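This report refers to the structure that appears directly beneath it.
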Amino acid sequence: MDIDARIKRRRRRDGGPRLVQDYESLSPVAHIDEPSDRGPAFERLLDHLDPVFDGRLPPNAYISGPFGSGKSAIVTALFAHLKQLSTETQSVIHTSTRAASPPSPGFVYVDMRETTSEFAFYHTVLDTLVEDPVPEHGISTEQLRTRLHDLLNGSRTGVVIAVDHVGEPNSADAEALIDLFAGLPSNVSWLAIGRTDPDQTLLTEYTATSLQIQCYRRQMLVDVLMTRASEGLAQQALNHEQARRIADWADGSAHDALAAIFVAADRANRADQNRLTESDVTAAIEETPRPSVSLGRVLALPNNKQLVLRELVDLDSEDRATVTATTKAIGSKPSVDLSPGTVKRYLYEMAEVGIVERIQSDSKNGKGRPPSRVELRFPPTAFRRLYDLQQ
DNA sequence: GATCCACGGGAATACACGGATG
DNA sequence: CATCCGTGTATTCCCGTGGATC
């Protein structure tokens with residue numbers, strides 16, 4: 001836990017003991033600074049990155065692993081630290097004045113969930129490498145590429161770019177990624193991260209290394225849950241037995257396990273309890289669909305799509321009976337300033353990429369093509385809380 | 001004035017069904 | 001009986017436009 005979180009936690013204590021001390025520590029979309037029990041994975045990744053400590057670039061690589069196995073957690077934590085290394089040695093931005101340690105390459109982490117266009121990709125890379133903020137408007141994609149070329153061609157060490165969530169629906173696939181990197185100079189090394197097995201993607205034709213992350217073992221997952229609970233919840237709020245139960249159910253997915261305690265904690269909190277009960281855990285497990293979609297993906301959607309989902313999770317079953325009924329119900333909310341056509345298109349688009357799922361309704365009331373309804377692929381309580389917190 | 005991209009709106013296409021047709 | 005057609009609804013696809021920002 002960092003210092004900010006500690007302070008926040010103390011400040012929130014004023015109203016007496018509270019079950020949820022800090023939602024951020026519990027959030028399944030937040031990665032903590034030092035993921036526990038992932039030593040071996042860190043070591044393998046550091047083995048691959050070893051050349052950077054001599055001021056050289058590693059070859060391209062691909063990291064794969066199942067949903068919730070901690071790929072993002074490992075890479076974001078490691079890159080956060082490596083960035084400090086390159087700031088210390090002033091590699092890209094200025095010429096190094098230090099003789100002691102060799103200049104280190106720059107490090108950039110790009111999350112393709114939030115980077116939905118060519119423009120956005122180059123923008124993120126450039127913006128991370130230079131001090132002054134890069135404008136998001138009034139500048140063309142071509143200009144961004146030119147600036148990147150100028151910057152990198154003048155750099156001795158180059159840059160390592162981690163590209164997370166490759167190959168998810170609506171995000172860049174392998175081919176698109178290769179194209180993006182074709183627009184950059186050659187002193188760039190990339191580290192792609194995705195769920196697809198290495199032998200199922202053409203990315204590995206461009207890589208020398210591929211690393212596979214295994215899903216969490218049961219005991220490791222229990223430890224993760226207990227750690228998070230100790231940071232985000234009141235003392236003793238989650239007992240070992242409950243953590244084991246959630247870990248068993250989650251079957252190796254840290255995302256689903258964290259989503260479940262998040263939901264259980266929110267439920268207990270609303271009931272003014274000071275610890276989780278068995279029924280909180282049961283309810284949390286029941287409302288978390290499996291397989292689920294990553295809440296990170298849901299929260300990376302454009303604002304208005306999230307708004308549509310936010311209204312969707314509060315609808316009663318009658319309003320969810322058909323896509324048309326759902327469209328009408330959502331469209332009539334005062335907070336929603338979208339045309340019915342757009343709301344409906346959003347629902348279909350989100351079904352297309354697995355945020356929600358379309359279910360054919362069985363009621364065959366005669367005329368026309370039978371309607372379908374949408375069902376959530378994520379725990380509604382978790383989304384509701386996370387959405388409201390970010391507003 | 002330049003640029004990007006989210007929206008709107010509608011056209012095109014798919015599907016289900018029943019009745020007509022060969 | 002198999003196939004086609006018309007109607008009504010659901011779903012997908014496409015592209016111009018305008019808001020926001022620099």
Side-chain angles (χ1 to χ4, degrees), chain A residues 108 110-151 163 165 168-173 176-177 179-180 183-184 293 296-312 315 317-377 387 390-391:
Chain A
V108 177
V110 184
D111 185 351
M112 293 313 274
R113 281 175 180 160
E114 317 204 314
T115 310
T116 49
S117 67
E118 227 183 336
F119 176 87
F121 177 80
Y122 295 124
H123 182 271
T124 306
V125 175
L126 184 61
D127 199 50
T128 318
L129 291 174
V130 299
E131 306 230 12
D132 302 326
V134 180
E136 292 181 53
H137 297 270
I139 177 175
S140 70
T141 309
E142 195 47 50
Q143 278 173 283
L144 286 177
R145 265 194 294 256
T146 308
R147 281 192 62 182
L148 276 166
H149 268 92
D150 292 349
L151 181 70
V163 188
H165 304 117
E168 286 187 356
N170 250 7
S171 121
D173 59 10
L177 194 67
D179 288 346
L180 286 171
L184 292 176
V293 65
R297 262 184 73 201
V298 179
L299 293 163
L301 291 168
N303 292 153
N304 278 336
K305 280 192 177 169
Q306 289 191 54
L307 176 60
V308 166
L309 286 179
R310 180 63 186 85
E311 298 296 349
L312 173 63
L315 295 183
S317 61
E318 195 183 327
D319 285 337
R320 284 197 289 211
T322 67
V323 172
T324 307
T326 304
T327 301
K328 216 164 105 207
I330 292 175
S332 68
K333 302 282 180 187
S335 62
V336 178
D337 183 26
L338 296 168
S339 75
T342 300
V343 173
K344 187 177 261 188
R345 181 164 53 78
Y346 280 2
L347 291 172
Y348 283 120
E349 284 177 1
M350 291 193 288
E352 184 68 23
V353 297
I355 304 284
V356 295
E357 185 179 5
R358 277 197 308 119
I359 311 277
Q360 285 264 331
S361 52
D362 31 309
S363 57
K364 294 176 187 130
N365 44 340
K367 301 249 172 254
R369 185 173 177 171
S372 50
R373 65 194 154 81
V374 293
E375 281 195 355
L376 308 176
R377 296 311 302 168
Y387 179 89
Q390 74 177 1
Q391 290 312 299

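Each chain gets a letter, A, B and so on, in the order the sequences are listed, and its residues count up from 1. Note that the coordinates shown come from a computational prediction; the quantities given were computed from them, not determined experimentally.
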>> From the set dT11(C), dT12(C), dA6(B), return the single nucleotide nearest to any side-chain atom of Glu352(A).
In response: dT12(C)
>> How many whole angstroms separate atom CD of Gln360(A) from atom P of dA14(B)?
In response: 16 Å
> How many Å lie between CZ on Phe121(A) and P on dC4(B), as a whole number?
Replying inline: 16 Å
> Do Val353(A) and Glu168(A) have side-chain heavy atoms sitting under 4.5 Å apart?
Replying inline: no
>> Need to verify one output field. Residue with the more 5' nearest nucleotide on DNA chain C, Thr322(A) or Glu349(A)?
In response: Thr322(A)
>> To check you understand the geometry: which heavy-atom pair defines the closest contact between Leu184(A) and Phe121(A), and what is its length?
In response: CD1-CE2, 4.3 Å
> Roughly how many Å is it from CG in Asn303(A) to P in dA20(C), rounded to a whole number?
Replying inline: 13 Å
> Does the side chain of Lys344(A) come within less than 4.5 Å of Tyr348(A)'s, by heavy atoms?
Replying inline: yes
> Where each residue is assigned the nucleotide of DNA chain C containing its nearest heavy atom, which of Ser372(A) and Gly138(A) is assigned the position nearer the 5′ end?
Replying inline: Ser372(A)
>> Rounded to whole Å, how long is the line connecting atom OH of Tyr348(A) with atom P of dC13(C)?
In response: 13 Å
> What is the distance from CG of Leu144(A) to C1' of dA2(B), rounded to the nearest Å?
Replying inline: 13 Å
> When all nucleic acid strands are considered with a 4.0 Å heavy-atom cut-off, which category describes Ser117(A): base, sugar-phosphate, or nothing?
Replying inline: sugar-phosphate
>> Please tell me if Arg358(A) has a side-chain N or O lying less than 4.0 Å from either OP1 or OP2 of dT11(C).
In response: yes
> In terms of the nearest nucleotide of DNA chain B, which residue is placed more toward the 5' end: Phe119(A) or Leu338(A)?
Replying inline: Phe119(A)
>> Mind checking if Thr324(A) touches a base, just sugar-phosphate, or nothing, with heavy atoms under 4.0 Å?
In response: sugar-phosphate
>> So Pro302(A), base contact, sugar-phosphate only, or nothing? Heavy-atom distance under 4.0 Å.
In response: nothing
> Would you say Thr141(A) reaches dC4(B)'s phosphate, i.e. side-chain N/O to OP1/OP2 under 4.0 Å?
Replying inline: yes
> Counting just side-chain N and O atoms, does Thr116(A) come under 4.0 Å of either OP1 or OP2 of dC5(B)?
Replying inline: no
>> Taking Leu301(A)'s backbone N and O only, do any of them form a donor-acceptor pair with Gln306(A)'s side chain (distance below 3.5 Å, no angle check)?
In response: yes
> How about Gln390(A): does its CD atom have over 12 heavy atoms from other parts shown lying under 6.0 Å from it?
Replying inline: yes
> Please give, in whole Å, the distance from dT11(C) P to Ile359(A) CD1?
Replying inline: 12 Å
>> Tell me the interatomic distance from Arg369(A), atom CZ, to dT9(C), atom P, rounded to whole angstroms.
In response: 14 Å
> Quick one: is Ser339(A) getting a side-chain N or O under 4.0 Å of the dC7(B) phosphate, OP1 or OP2?
Replying inline: no
> Can you check the Asp132(A) CG to dC22(C) P distance for me, whole Å?
Replying inline: 14 Å
> If you check every side-chain atom of Arg345(A), which of dG8(C), dT11(C), dG8(B) has the closest atom?
Replying inline: dG8(B)
>> Checking Met350(A) against Leu309(A) for the side-chain contact (heavy atoms from CB on, under 4.5 Å) test, could you report, in this order, the C-alpha distance in whole Å, the side-chain angles of both residues, the deciding distance, and whether it holds?
In response: CA-CA 9 Å; Met350(A) 291 193 288; Leu309(A) 286 179; 3.7 Å; yes
> Which part of the nucleic acid, if any, lies within contact of Thr342(A), taking any heavy atom under 4.0 Å across all strands shown: a base, the sugar-phosphate backbone alone, or nothing?
Replying inline: base
> The side chain of His137(A) lies closest to which of these nucleotides: dG8(B), dC7(B), dT3(B)?
Replying inline: dT3(B)
